[in-house]
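First the structure, in the form of structure tokens, and then the observations on it.
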Amino acid sequence: MNEINKHIETKAIRTQIERTQFLEHSNPLYLTSSYVFEDAEDMRASFAEEKERNIYSRFTNPNTSEFVDKICLLEGAESGYAFATGMSAVFSTFAALLDSGDHIVSAQSVFGSTHTLFTKYLPKWNITTSYFKVNEVDTIENLIQPNTKILYAESPTNPAVDILDLELLGKIAKKHNLLLVIDNCFATPYLQNPIQFGADLVIHSATKLIDGQGRVLGGVTVGRADLIREIYLFSRNTGPALSPFNAWILSKSLETLAVRVDRHCENALKVAEFLEEHKNINLVKYPFLKSHPQYEIAKKQMKQGGNIVAFEIKGGVEAGRKFLNAIQLCSLSANLGDTRTIVTHPASTTHSKLSKEDRLEVSITDGLVRVSVGLEHIDDIINDLKQALQ
Ligand SMILES: *Cc1c(COP(=O)(O)O)cnc(C)c1O
């Protein structure tokens, strides 16, 4: 079986499932909060973890286990735990592994709520964070302190689509005995596998391309079994578990991940190439455009460039707003990784509370627009952008 079942497309579809007496072909949905025991001895042994079995759906459930098993296969991970959202995966990972007094070194460009976690909530427990700019990786080692425990980053970054060299981060983490934790949300397990470059843990918001159809929230952390064990024990007691229904949806979504992401990337590259030629545009950033500052690194660590394109309209904030108002087909929404193409203007929306200087620190210029390229026909997507740019 292992010899045949070796490609990511096959692994995402042909995961072993335990069939019931009905011999179902596709894994059924197990909407049950708890499980029964044969007798007192079975109950004792189950709680003592002498056997692997489901006890209560806050701990495990067949649907969440199927989802986690698939992500582990795709990422090359030993073990994992599934969460209600991407943010509960991020929070629980830090909360389970860090002690008061510990320190994090993080890329400056991270997802907004992750940044808020670092600046507002973790300091409550005396956990502090130092930041490096994504284009200044040579400063990382200067930020490491005796109490540094985790090196954290996303690649590609949001919303500026910068790329961090995962192999380099892996080497730095190893040299200084740090845990390397990568939020791999923008790449999906299909395009990039950080464990291969030395990551100890990989986090996903499954809400984005893994669901891919804008339906459910979900998250997952996978990686080294000893670390996942800590994360599992923390989560089993604090309750951020993914619901069986969402897990069932997400497991089905993984079966089509490769074909969907292939088309997302094909469309995104065409959008990037169209924008690069347009006279009202200053700059286009897409990892697989030769003009991207980290093109070589992107090629080394990613299968394709992903579905997010960032570009800068000439004329600053006002031009950005006008462009958004002229959009007809695409959606104005804060989500990404949907079948529907989504356009956002970070300077006037998600990042409007930051000062102009703070925005520039994370490469958000006033005219920056982020497009999450969807699965509509490429000509229709480009025609909408074309008319809105005029
Ligand atoms: C959306 C997102 C998250 C948070 O995921 P939710 O499912 O919305 O909680 C974390 N990291 C990145 C990179 C994201 O894009």
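Sequential numbering from 1 along the given sequence is applied to the chain's residues. Whatever order the structure lists ligands and atoms in, that order sets their numbers, starting from 1.
The closest non-hydrogen atom to atom 11 (N) of ligand 1, taken over D183, I308, V110, N335, comes from D183.
Assignment of S113 to the shell around ligand 1 is not supported, since no heavy atom sits closer than 4.0 Å. For the pair L217 and ligand 1, no heavy-atom separation below 4.0 Å is found.
More than 12 non-hydrogen atoms from other residues, nucleotides or ligands lie less than 6.0 angstrom from CZ of R58.
In summary, the side chains of D262 and Q304 do present a donor paired with an acceptor at a separation below 3.5 Å, with no hydrogens or angles considered. Looking at Q108 and H115, their side chains never bring a donor and an acceptor atom within 3.5 Å of each other. T188 and K208 are not linked by any side-chain donor-acceptor pair at a separation below 3.5 angstrom, with hydrogens and angles left out of the test.
For ligand 1, the atoms lying closer than 4.0 Å to a non-hydrogen atom of G218 are 7 (O). Taking every heavy atom of F186 and a limit of under 4.0 angstrom, the matching atoms of ligand 1 come to 15 (O).
The protein heavy atom nearest to atom 6 (P) of ligand 1 is G86 N, 3.4 Å. Closest to atom 7 (O) of ligand 1 among all protein heavy atoms lies T207 OG1, 2.6 Å. Of all protein heavy atoms, the one closest to atom 9 (O) of ligand 1 is M87 N, 2.9 Å. Protein heavy atom at the shortest distance from atom 4 (C) of ligand 1 is F111 CE2, 3.4 Å. Of all protein heavy atoms, the one closest to atom 2 (C) of ligand 1 is K208 NZ, 2.4 Å.
For N158, no nitrogen or oxygen atom sits less than 3.5 Å from a nitrogen or oxygen atom of ligand 1, counting backbone and side chain alike. When only interatomic distances are considered, the shortest N/O to N/O separation between S205 and ligand 1 falls below 3.5 Å.
Legend: salt bridge (Lys or Arg N to Asp or Glu O under 4.0 Å) pairs involving residues 180-197, not counting sequence neighbours: none detected.
For E24, the salt bridge (charged side-chain N to carboxylate O under 4.0 Å, His left out) criterion is met by no residue, not counting sequence neighbours.
A salt bridge links R229 with E49: the distance from a Lys NZ or Arg NE/NH1/NH2 to an Asp or Glu carboxylate oxygen falls below 4.0 Å.
A cation-pi contact links K299 to F288, judged by a cut-off of 6.0 Å to the six-membered ring centre and 45° from its axis.
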